[in-house]
Visitor: 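Here's a structure for you.
Every value quoted in this text rests on a predicted model; they were computed, and no experiment measured them.
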Amino acid sequence: IGVAIALVANAVIPLALNVQKLAHKRNTAADGTMLRPMAMLPLWWLGLISMVAGESLNFVAYGYAPTAIVAPVGATSVFVNGIITTTFLKEPFTRYTAIGLAAIGGGVTMLVTSVPEVQIELDVDTISQTILPSPKTWVYFFGVCSFVPLWSRLVVPRYQSSHVLVYLMLCSVISSVTVVSCRAFMSVATSVLESGDFIELASPVPFCALVLVIVTAIWSTFYLNKAMMHFKNSEVVPVYFTSFTLASIGAGALVYSEFACMTGYTSFVFAIGCLVTFVGVRFVAGGGDGAAGDDADERGERGERTTSST
């Protein structure tokens, strides 16, 4: 169930983004000004509602599947976006795009088939009596609380404009807390809805998890936007997806012991699936020949402006 929900969610999200992009394009005049307020456009609202629905489904998926599955399955959104942009928006379809889409499809298939969908039943008692007192959980949260200020103080001021990973490391580590908290909250929520036993909501555990989800989601988005201000999307997208997936998988493995029931063979398939997916995302986001052409055009335009100014 969790895998199916995650796949649907990550198919809806890029569709919603492209609907909003189409609304922006239709509402932009030749001089770049908006013809009407975006809130007056039904197409824009359709994209927004679809985006909320997709993110909500992604949220629900953590209640049925481990983070080791839901996080990397997010590559499906890159796969679907590649199909939409080349089929409907008529963007260039290069051999790099084809290789990337094929790699994403194969990688996600390997991931889905290698990890058991349900490994531990998370309810309030399990979280409060087994997960939270575990030394591994404390090591994880202590590591996050130590890493974020140290990285912000020692690395960010020096390398923020020269290395794309600087802001994305902060974003990914903080997002891993979002994922871990979301897994706890949605597991309890789905359990309550299925059993009708609302007594579990008397515990502060799900509400503390929900607060962590909201705070860390907003916090990580701040650093993601910082990265997008300094670097091109073709750099940010594949690096962020890779760092976020690795951080989320590591957090889930540490806090929830998600790899405990995997054999050597399934662990190997999972690792290869991650690698193939990362490569696919890099090919699709980088754009291959198309990206190279864009970069060359951009450099040419900059040269012309420089020449004209002198």
Visitor: side-chain contact (heavy atoms from CB on, under 4.5 Å) for Y167 and L224? Distances and angles first, verdict last.
Guide: CA-CA 7 Å; Y167 281 121; L224 180 59; over 6 Å; no
Visitor: Would you check if F222 and K226 make a side-chain contact, meaning some heavy-atom pair closer than 4.5 Å?
Guide: yes
Visitor: For the pair T137 (side chain) and I131 (backbone), establish whether a donor and an acceptor sit closer than 3.5 Å, ignoring hydrogens and angles.
Guide: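 It does hold such a pair.
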Visitor: Report yes if some heavy atom in the side chain of R36 is under 4.5 Å from a heavy atom in the side chain of L41; otherwise report no.
Guide: yes
Visitor: Any heavy-atom pair between the side chains of C171 and F244 that's under 4.5 Å?
Guide: no
Visitor: With a 4.5 Å cut-off on side-chain heavy-atom distances among I, L, V, M, F, W and Y, is there a chain of contacts connecting L35 to M40?
Guide: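 Each belongs to a different hydrophobic cluster.
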Visitor: Could you walk me through whether I174 and V144 pass the side-chain contact (heavy atoms from CB on, under 4.5 Å) check?
Guide: CA-CA 7 Å; I174 295 169; V144 171; 5.5 Å; no
Visitor: Rounded at 0.5 Å granularity, tell me how far OG in S181 sits from CE in M186.
Guide: 13.0 Å
Visitor: Measure across G105 and F79 and return the closest heavy-atom pair with its distance rounded to 0.1 Å.
Guide: N-CD1, 4.2 Å
Visitor: Would you say D123 and V188 make side-chain contact, with heavy atoms under 4.5 Å?
Guide: no
Visitor: Could you walk me through whether V255 and K136 pass side-chain contact (heavy atoms from CB on, under 4.5 Å), step by step?
Guide: CA-CA 6 Å; V255 176; K136 294 188 296 183; over 6 Å; no
Visitor: Side chains of S175 and Y240: does their closest heavy-atom pair fall under 4.5 Å?
Guide: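 Of all side-chain heavy-atom pairs linking Y240 with S175, at least one is under 4.5 Å.
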Visitor: Please check this pair: side chain of S187 against backbone of A184, looking for a donor-acceptor N/O pair closer than 3.5 Å.
Guide: no
Visitor: Using 0.5 Å steps for rounding, measure from the OG1 atom of T109 to the CD1 atom of I104.
Guide: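 The distance works out to 11.5 Å.
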Visitor: Where is the tightest heavy-atom contact between S248 and V179, given as atom of each residue plus distance?
Guide: OG-CG2, 3.6 Å
Visitor: Starting at CG of L246, measure out to SG of C274 and round the result to the nearest 0.5 Å.
Guide: 7.0 Å
Visitor: Indicate the atoms forming the closest heavy-atom contact of L122 with R183, along with that distance.
Guide: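 Smallest interatomic distance, heavy atoms only, reads CD1-CG, 3.7 Å.
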Visitor: For residues P42 and L46, determine if any side-chain heavy atom of one lies less than 4.5 Å from a side-chain heavy atom of the other.
Guide: no
Visitor: Any side-chain heavy-atom pair from Y140 and V180 closer than 4.5 angstrom?
Guide: yes
Visitor: Okay, side chain of S134, backbone of T130: is any donor-acceptor separation there less than 3.5 Å?
Guide: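 No, the answer is negative, given that no donor and acceptor are paired below the 3.5 Å cut-off.
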Visitor: How long is the straight-line distance from CH2 of W45 back to CD1 of I49, given to the nearest 0.5 Å?
Guide: 7.0 Å
Visitor: Applying side-chain contact (heavy atoms from CB on, under 4.5 Å) to I249 and F270, what does each step give before you reach the verdict?
Guide: CA-CA 11 Å; I249 290 173; F270 179 83; 3.4 Å; yes
Visitor: Would you indicate whether the side-chain heavy atoms of F185 and F59 approach each other to under 4.5 Å?
Guide: yes
Visitor: Roughly how far apart are S56 OG and I5 CD1, rounded to 0.5 Å?
Guide: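 Rounded to the nearest 0.5 Å, the OG-CD1 separation comes to 12.0 Å.
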Visitor: Test of understanding: with side-chain contact (heavy atoms from CB on, under 4.5 Å), list the residues that count as partners of M169, not counting sequence neighbours.
Guide: F147, W151, L165
Visitor: Search all heavy atoms of L170 against all heavy atoms of V156 and return the closest pair with its distance.
Guide: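 Shortest heavy-atom contact: CD1-CG2, 3.7 Å.
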Visitor: Under the rule for side-chain contact (heavy atoms from CB on, under 4.5 Å), what residues qualify as partners of V80, not counting sequence neighbours?
Guide: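 V80 satisfies side-chain contact (heavy atoms from CB on, under 4.5 Å) with A11, P14, T76, I84 only.
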Visitor: Can you find a side-chain donor-acceptor pair between T94 and T97 that sits under 3.5 Å?
Guide: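 Yes, a side-chain donor-acceptor pair sits under 3.5 Å.
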Visitor: Using modelled atom types only, decide if a donor and an acceptor are shared between the side chain of N27 and the backbone of A23 within a distance under 3.5 Å.
Guide: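 No, N27 side chain to A23 backbone: no donor-acceptor pair under 3.5 Å.
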Visitor: Which heavy atom of L7 sits nearest to which heavy atom of V108, and what is that distance?
Guide: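 Here L7 and V108 meet closest at CD2-CG1, 4.5 Å.
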Visitor: Would you check if the side chain of S146 reaches a backbone N or O of G143 as a donor-acceptor pair within less than 3.5 Å?
Guide: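 The answer is no, because no donor-acceptor pair under 3.5 Å joins these two groups.
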Visitor: If you compare all heavy atoms of S152 against all heavy atoms of V148, which two are closest, and at what distance to 0.1 Å?
Guide: OG-O, 2.7 Å
Visitor: Is there a path of hydrophobic side-chain contacts, each under 4.5 Å between heavy atoms, that joins L57 and V52?
Guide: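 No; V52 is not reachable from L57 via cluster members.
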Visitor: Can you tell me how far the CD1 atom of I127 sits from the CG atom of L132, to the nearest 0.5 Å?
Guide: 7.0 Å
Visitor: Take the angle between the ring planes of Y223 and W219 and call it parallel below 30°, perpendicular above 60°, tilted in between.
Guide: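 If you compare the ring of Y223 with that of W219, the planes turn out tilted.
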Visitor: Going only through I, L, V, M, F, W and Y residues with side-chain contacts under 4.5 Å, is there a path from F142 to L212?
Guide: no
